Number of protein chains: 2
Amino acid sequence: MSGTQERPLRADAARNRARVLDVATEVFTSRGVGVPTEEIARAAGVGVGTLFRHFPTKEALLEAVMVRRLEEMAAMTARLAAGADRAEAFFACFRLVVERSSGKNEFAQALAAAGVDVHAALRAPTEEIQTRLAALLSAAQQAGAVRPELCLPELLAVLVGTGAMLEQLGPDPAPRERIFEVVFDGLRPR
Amino acid sequence: MSGTQERPLRADAARNRARVLDVATEVFTSRGVGVPTEEIARAAGVGVGTLFRHFPTKEALLEAVMVRRLEEMAAMTARLAAGADRAEAFFACFRLVVERSSGKNEFAQALAAAGVDVHAALRAPTEEIQTRLAALLSAAQQAGAVRPELCLPELLAVLVGTGAMLEQLGPDPAPRERIFEVVFDGLRPR
DNA sequence: GGACAACCGGAGTGTCCAGTCCGTATCGTT
DNA sequence: AACGATACGGACTGGACACTCCGGTTGTCC
């Protein structure tokens with residue numbers, strides 16, 4: 001369907017593209033999506049022209065960053081979902097998604113504000129993660145490890161919200177752990 | 001200390017100032033802090049000049065909006081903290097703060113990004129709310145209604161995060177209620 | 001009702017930033 | 001080595017937006 005039959009990039013072009021993506025991931029995540037494009041280019045050691053040839057708009061760059069992070073997350077959830085017992089897998093996945101999604105909500109907001117259809121643009125990887133989470137959720141519920149009335153949209157909200165909680169805290173692991181205890185206990189049946 | 005001894009405003013000036021504040025609260029809350037200043041002015045029926053005379057920068061306007069909302073919240077928490085039994089008051093306050101703080105986190109981020117010292121600028125009202133929450137927290141803990149290891153910074157994180165959860169959901173009250181159940185159960189001792 | 005200060009409106013200014021364009025450099029191929 | 005295709009850099013453009021300035025208006029006080 002997607003008619004993007006790519007001719008292989010020239011060696012330097014591929015290198016530059018990858019560098020820009022890496023730098024953008026790093027900078028956008030640590031300093032927010034407001035950082036000017038030119039700064040990303042400088043940090044990646046390329047000119048703005050080069051950046052915009054690979055990613056025709058700033059939103060396209062944001063989107064590419066998100067897609068990659070989501071794909072990584074999907075792969076990791078897949079690995080986690082395979083092993084261990086059902087309940088354990090659910091909570092491990094929850095942790096993983098929360099911890100690896102710092103700042104992603106801001107991305108999504110920025111894209112939405114720019115009029116990009118987030119659901120369409122990121123369909124494939126989000127769908128994979130969501131179906132996997134849905135499977136883990138109902139398995140954990142059948143195992144009696146998660147309250148049965150909870151459904152997927154609520155779980156997703158809890159994921160996002162837990163991410164927001166952690167962002168309020170410093171890097172000290174003890175309070176972060178206590179947050180997880182609160183949320184996990186809340187997710188379990190009474 | 002603060003040398004702002006104000007001469008009373010002329011009638012029309014006071015009216016305009018109030019209108020701008022109201023409109024800004026409404027617009028910033030519903031459409032985000034990115035809305036241009038000129039639009040606020042138009043919606044309030046004043047020129048930009050007038051707006052900037054009352055609030056010398058956009059951040060000053062944001063700050064004024066936040067101060068007012070925080071003061072309202074402080075007053076409401078005060079009222080709630082007075083009545084009822086300890087545990088009930090705690091959870092009622094929690095609800096109130098979460099429900100009335102939609103979008104406030106975005107405000108804080110915007111101010112911080114602009115180099116405003118949020119803690120200094122909003123000290124008075126935030127401090128009142130925080131001390132009141134701290135009192136409610138330890139009372140609820142002594143009553144055995146909240147897990148004893150939780151401390152104030154974590155509670156604040158949970159508040160912010162719960163707000164983020166609700167923002168993911170539509171206006172339908174049933175899922176929102178389920179979120180509160182999850183969080184409240186998590187806050188209670190095992 | 002008149003005079004002065006306080007206040008208003010909105011055209012104009014400076015700045016920032018996403019995105020373009022084209023002369024130059026680099027890659028890959030024969 | 002030499003040539004065409006591909007990619008690069010960064011000066012430049014256009015638009016958006018926060019904030020200023022000043023001629024005109026309105027409130028207030030005697």
Side-chain angles (χ1 to χ4, degrees), chain A residues 4-24 27-28 31-66 106-107 109-116 121, chain B residues 4-24 27-28 31-66 106-107 109-116 121:
Chain A
T4 46
Q5 46 159 323
E6 323 242 313
R7 224 187 336 81
L9 286 172
R10 228 171 65 176
D12 54 348
R15 198 167 44 240
N16 282 333
R17 203 194 121 92
R19 263 234 266 285
V20 169
L21 240 191
D22 285 345
V23 170
V27 173
F28 283 146
R31 292 176 44 205
V33 298
V35 178
T37 328
E38 195 184 331
E39 205 167 321
I40 307 272
R42 223 194 345 268
V46 298
V48 274
T50 300
L51 189 153
F52 278 106
R53 201 168 322 102
H54 288 302
F55 306 97
T57 67
K58 186 176 187 180
E59 286 79 44
L61 177 56
L62 281 184
E63 206 179 294
V65 170
M66 272 203 88
E106 193 198 355
F107 281 43
Q109 275 174 241
L111 286 176
V116 177
Chain B
T4 48
Q5 46 157 328
E6 321 242 315
R7 225 183 343 78
L9 286 172
R10 225 171 67 175
D12 53 348
R15 197 168 43 240
N16 282 334
R17 203 193 123 93
R19 262 232 265 285
V20 168
L21 240 190
D22 286 345
V23 170
V27 173
F28 283 145
R31 292 175 44 204
V33 298
V35 177
T37 329
E38 196 183 330
E39 204 168 322
I40 307 272
R42 223 195 345 267
V46 298
V48 275
T50 301
L51 190 153
F52 279 105
R53 199 166 327 102
H54 288 302
F55 306 97
T57 67
K58 187 177 185 178
E59 286 79 42
L61 177 56
L62 280 185
E63 208 180 293
V65 170
M66 273 203 85
E106 195 199 353
F107 281 42
Q109 274 174 241
L111 286 175
V116 177

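By convention in this document, chain letters (A, B, ...) are assigned in the order of the sequence lines, proteins followed by strands, and residues within each chain are numbered from 1. Values reported hereafter were calculated over all heavy atoms of this structure, with side chains retained and with hydrogens, waters and symmetry mates removed. What you see is a predicted model, and the numbers here were worked out from it, not measured in a lab.
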Between C/dT26, D/dA11, D/dA18, which nucleotide gets closest to the side-chain atoms of A/D12?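 It is C/dT26.
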Between D/dT28 and B/R10, counting only base atoms on the nucleotide and side-chain atoms on the residue, is there a donor-acceptor pair under 3.5 Å?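 It does not, because no donor-acceptor pair links the side chain of B/R10 to the base of D/dT28 below 3.5 Å.
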Within this structure, what is the [atom1]-to-[atom2] distance between [X] and [N], rounded to whole angstrom?
X     : N      : atom1 : atom2 : value
A/F52 : C/dC22 : CZ    : C1'   : 17 Å
A/L9  : D/dC8  : CG    : P     : 9 Å
A/E38 : C/dC16 : CD    : P     : 12 Å
B/I40 : D/dC19 : CD1   : C1'   : 15 Å
B/K58 : D/dT20 : NZ    : P     : 15 Å
A/R19 : D/dC8  : CZ    : P     : 11 Å
B/R7  : C/dA6  : CZ    : C1'   : 8 Å
A/R15 : D/dC8  : CZ    : C1'   : 12 Å

Grab the two heavy atoms, one from [X] and one from [Y], that are nearest each other, plus how far apart they are.
X     : Y      : answer
A/A24 : A/V65  : CB-CG2, 3.9 Å
B/V33 : B/A110 : CG2-CB, 3.8 Å
A/L21 : A/F55  : CG-CZ, 4.0 Å

Is there a side-chain polar atom (N or O) of [X] under 4.0 Å from OP1 or OP2 of [N]?
X     : N      : answer
A/R53 : D/dC8  : yes
B/N16 : C/dC7  : no
A/T37 : C/dA18 : yes
A/H54 : D/dC8  : yes

Please report the C-alpha distance between B/H54 and B/V20 in whole Å, then the side-chain angles of each, then the deciding distance to 0.1 Å, and finally whether the side-chain contact (heavy atoms from CB on, under 4.5 Å) criterion is met. CA-CA 9 Å; B/H54 288 302; B/V20 168; 5.6 Å; no
Pair B/V116, B/E63 - check side-chain contact (heavy atoms from CB on, under 4.5 Å), show working. CA-CA 9 Å; B/V116 177; B/E63 208 180 293; 3.9 Å; yes
Select base, sugar-phosphate, or nothing to describe what A/G34 touches, counting heavy atoms under 4.0 Å on all strands.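 If one applies the 4.0 Å heavy-atom cut-off, A/G34 turns out to touch nothing in the nucleic acid.
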Assuming nearest nucleotide by heavy-atom distance, tell me which of A/P8 and B/G49 is located more 5' along DNA chain D.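 Nearer the 5' end of the strand: A/P8.
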